[in-house]
Undergrad: 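Mind having a look at this structure? Questions to follow.
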Amino acid sequence: MDVLALHDRLVRDFERRDLKSYLGLMHPDVEFTTVAFGQERVFRGHDGVREWWENLSTKPGYDAYSAMATPIADDAIVIRARLRAPSESGGYLDATALWLLVARDGLVWRYRPVESEAAARELYA
C-alpha cells in the first residue's frame with residue numbers, strides 16, 4: 001500500500017475508533033512512540049499499540065486531527081496535525097504536532113513525534 005493511502009486509512013480508522021482495522025495497518029514489529037501521556041513512551045508490536053489505544057480510551061478529551069501528510073521518501077511521510085488534550089494545569093492543550101511515519105511492507109513500521117520536517121528527514125536518513 002502506498003504510504004499516503006496508508007495515512008488516509010489510519011486517519012479513517014482512528015476517527016471511527018476502529019481498533020481492529022487500525023491494528024491491521026501496523027507492522028508486527030511496529031515501534032509507536034507517543035508523548036500523549038505527558039512523557040515520551042514507546043509502544044512495540046500490536047500489543048503495544050493496543051495498550052496505547054486503551055490508554056487513550058481512558059483519557060477523555062484527547063484527539064488528534066491529521067489532515068496533511070508530506071512524502072519525504074517512498075516509504076515515509078511527515079504528518080502535520082492538531083493535537084487536543086486535557087492540560088494538567090486545567091483547560092485544554094490545542095497545538096500543532098508533527099509525526100514521522102515510516103512504512104515497511106505497506107504497514108506502519110515506525111511512528112514518532114518530531115520537532116520539524118527537517119528533523120524528520122534527518123531521523124529518517
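Given the structure is predicted, the values throughout are model-derived calculations rather than measurements.
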Undergrad: Out of curiosity, does Trp53 fall in the hydrophobic cluster containing Phe43 (side-chain heavy atoms, cut-off under 4.5 Å, transitive links)?
TA: yes

Undergrad: Quick test of your reading of the model: are Arg41 and Glu51 salt-bridged, counting only N-O distances below 4.0 Å?
TA: yes

Undergrad: Residues two or more places apart in sequence or in another chain: which of them pass side-chain hydrogen bond (donor to acceptor under 3.5 Å, both in side chains) with Arg80?
TA: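 Result, side-chain hydrogen bond (donor to acceptor under 3.5 Å, both in side chains) vs Arg80: Thr70, Glu117.
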
Undergrad: Would you mind listing the cluster partners of Leu107? Hydrophobic ones only (ILVMFWY), side-chain contacts under 4.5 Å, chaining allowed.
TA: none

Undergrad: Mind checking whether Ile77 and Leu123 sit in one hydrophobic cluster, side chains of I, L, V, M, F, W, Y counted as touching below 4.5 Å?
TA: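 Each belongs to a different hydrophobic cluster.
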
Undergrad: Could you measure the distance from the CG atom of Leu10 to the CD atom of Glu15? Nearest 0.5 Å is fine.
TA: 11.0 Å

Undergrad: State whether Phe14 and Arg17 meet the cation-pi test: NZ (Lys) or CZ (Arg) under 6.0 Å from the six-membered ring centroid, and within 45° of the perpendicular axis.
TA: yes

Undergrad: CD1/Ile79 to CG/Leu98 distance, rounded to the nearest 0.5 angstrom?
TA: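 The distance works out to 9.5 Å.
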
Undergrad: Considering only residues two or more places apart or on different chains, which pairs with a residue in residues 103-113 satisfy side-chain hydrogen bond (donor to acceptor under 3.5 Å, both in side chains)?
TA: His27-Asp105

Undergrad: Could you tell me the separation between the CG atom of Leu25 and the NE2 atom of His7, rounded to the nearest 0.5 Å?
TA: 11.5 Å

Undergrad: So, using side-chain contact (heavy atoms from CB on, under 4.5 Å) as the criterion, who are the partners of Ala5 when residues are at least two apart?
TA: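 With neighbours one apart ignored, the set is Met1, Asp2.
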
Undergrad: Looking at residues at least two apart in the chain, or sitting in another chain, which of them share a side-chain hydrogen bond (donor to acceptor under 3.5 Å, both in side chains) with Thr96?
TA: Arg82

Undergrad: When you compare the side chain of Leu101 with that of Val108, does any pair of heavy atoms fall below 4.5 Å?
TA: yes

Undergrad: As a quick check of understanding, evaluate side-chain contact (heavy atoms from CB on, under 4.5 Å) for Arg16 and Ser21, giving each step before the final call.
TA: CA-CA 10 Å; Arg16 291 179 180 174; Ser21 185; over 6 Å; no

Undergrad: Who are the side-chain contact (heavy atoms from CB on, under 4.5 Å) partners of Ala76, not counting sequence neighbours?
TA: Ile72, Ala73, Leu100, Val102, Tyr124

Undergrad: Sequence neighbours excluded, which residues qualify as side-chain contact (heavy atoms from CB on, under 4.5 Å) partners of Val49?
TA: Tyr22, Leu23, Met26, Val30, Phe32, Trp52

Undergrad: Should Arg121 and Ser116 count as side-chain neighbours, where that means a heavy-atom distance under 4.5 Å?
TA: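 Contact flag for Arg121/Ser116 side chains = no.
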
Undergrad: Under the salt bridge (Lys or Arg N to Asp or Glu O under 4.0 Å) definition, can you give me all pairs with a residue in residues 64-78, not counting sequence neighbours?
TA: none

Undergrad: Taking C-beta and beyond as the side chain, do Leu4 and Pro71 meet within less than 4.5 Å on heavy atoms?
TA: yes

